[in-house]
Amino acid sequence: RGPGYMLYLTPAEAVLALPDAGTDGRVLRMRLVGAAAHPRITGMAPQAGKHNYYIGDDPARWRTGIPTYGEVAYAGVYPGIDMLYHGHRGMLEYDFHIAPGADPGDIGLRFTGADRLAVNDDGDLVISVGGSQVVHHAPYAYQTVGDSRQPIRARYVIHGRTVAFQVGDYDTARPLVIDPALNYS
């Protein structure tokens, strides 16, 4: 959950339920284009709370003691590329961890439910949904060298309803991280 939205993660996509986007709310879906159909999904950073869902009066339909996690990892979404969803400073982030030799050009994000996609002057991806905006902040890309992060130039590129990353020069023999953050208003 985030301010004004709920996020559902499935094997194939992230689904944002935006109750404030118009009178009946809207759903924005983000699907990885050409990704593995069944990535290995792992809950990480276990949280203290558990969720219970009591559906109707039939205990066979109830779900209790469901664990919660601070991070969800998707391993092998593309060859040599993993994805990690997590919260940071009140925002949802999704990081792409790109192994040495893997191609960040393989990553494609297709959005359905959006009225418009645009990149603003700050390099943010702005997605208009029912009079509201979902903002994916300009991607922060970096490589770790020793104890420091070396920033790598990266930006969004829009092709119709699909968004890709254009990454500047980097050391392809080292891991690369692309780290956008999402903000809903």
Side-chain angles (χ1 to χ4, degrees), residues 1-19 27-53 63-104 106-113 123-125 127 129 134-152 154-156 163-165 167 170 174-185:
R1 298 176 195 259
Y5 68 86
M6 290 188 59
L7 173 72
Y8 302 93
L9 298 175
T10 75
E13 63 188 357
V15 181
L16 283 169
L18 308 168
V27 172
L28 177 66
R29 297 174 183 275
M30 181 178 81
R31 178 177 293 269
L32 298 175
V33 177
H38 303 287
R40 189 175 64 253
I41 303 170
T42 306
M44 300 172 63
Q47 304 293 294
K50 304 277 185 200
H51 285 268
N52 300 301
Y53 297 92
R63 301 295 179 257
T64 61
I66 298 171
T68 59
Y69 300 94
E71 300 176 345
V72 178
Y74 282 59
V77 291
Y78 296 103
I81 301 175
D82 298 334
M83 186 176 188
L84 178 70
Y85 289 95
H86 61 98
H88 182 71
R89 297 182 183 165
M91 290 190 289
L92 170 66
E93 291 190 11
Y94 55 98
D95 305 347
F96 290 99
H97 293 257
I98 300 154
D103 184 0
D106 289 345
I107 301 168
L109 309 171
R110 179 165 296 132
F111 293 92
T112 56
D124 301 332
L125 175 64
I127 304 170
V129 182
V134 176
V135 178
H136 294 239
H137 292 287
Y140 170 60
Y142 65 89
Q143 291 186 292
T144 302
V145 179
D147 290 337
S148 67
R149 288 183 175 177
Q150 302 296 315
I152 304 297
R155 66 183 188 99
Y156 295 109
V163 176
F165 296 101
V167 178
Y170 70 98
R174 294 182 179 273
L176 172 69
V177 176
I178 302 175
D179 182 5
L182 181 145
N183 192 14
Y184 172 64
S185 62

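Everything numeric in this text was worked out from a predicted model, so none of it was measured.
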Query raised in the report: Taking Val77 as the fixed residue, which of Arg40, His97, Met83 is the one that meets the side-chain contact (heavy atoms from CB on, under 4.5 Å) rule?
Result: Met83
Requested in this report: Could you tell me which non-hydrogen atom of Ala14 sits nearest to which non-hydrogen atom of Leu7, and how far apart they are?
Outcome: CB-CD1, 4.0 Å
Query raised in the report: Is there a side-chain contact (heavy atoms from CB on, under 4.5 Å) between Leu109 and Val33 once you walk through the steps?
Result: CA-CA 6 Å; Leu109 309 171; Val33 177; over 6 Å; no
Query raised in the report: Is there a donor-acceptor pair under 3.5 Å between the side chain of Tyr170 and the backbone N or O of Pro175?
Result: no
Query raised in the report: Does the side chain of Thr112 reach to within under 4.5 Å of the side chain of Arg31, using non-hydrogen atoms?
Result: no
Query raised in the report: Considering all heavy atoms of both residues, which atom of Gly65 and which atom of Asn52 are nearest to each other, and what is their separation?
Result: N-OD1, 2.8 Å
Query raised in the report: Does a side-chain heavy-atom distance below 4.5 Å link Lys50 with Pro67?
Result: yes
Query raised in the report: In a check of side-chain contact (heavy atoms from CB on, under 4.5 Å) between Ile98 and each of Asp82, Ile107, Asp103, which one passes?
Result: Ile107
Query - Where Ala36 and Gly76 come nearest, the two heavy atoms and their spacing - result: CB-O, 3.4 Å
**Report entry** Validation row: Phe111, Val134 side chains within 4.5 angstrom (heavy atoms)
**Finding:** no
**Report entry** Ring center gap for Tyr78 and Phe96 short of 6.0 angstrom
**Finding:** no
Query raised in the report: With side chains defined as the heavy atoms from C-beta onward, is the minimum distance between Pro151 and Arg149 less than 4.5 Å?
Result: no
Query raised in the report: What is the ring orientation for Tyr94 with Tyr85, classed by angle as parallel under 30°, tilted 30 to 60°, or perpendicular over 60°?
Result: tilted
Requested in this report: Can you establish whether the number of heavy atoms outside Tyr8 located under 6.0 Å from its atom OH is more than 12?
Outcome: no
Report task. Indicate yes or no: at least one non-hydrogen side-chain atom of Leu16 is less than 4.5 angstrom from one of Met30. Result -> no
Report task. Examine distances only and state if a side-chain atom of Gln150 and a backbone atom of Val145 form a donor-acceptor pair shorter than 3.5 Å. Result -> no
Query - Shortest non-hydrogen separation from Val129 to Gly113 and the atoms involved - result: CG1-O, 3.8 Å
Report summary line: Looking only at heavy atoms, the pair that brings Ala102 and Pro79 closest together is CB-O, 3.6 Å
Query raised in the report: Which heavy atom in Asp124 sits nearest to a heavy atom in Ala138, and how many Å separate them?
Result: OD1-N, 2.9 Å
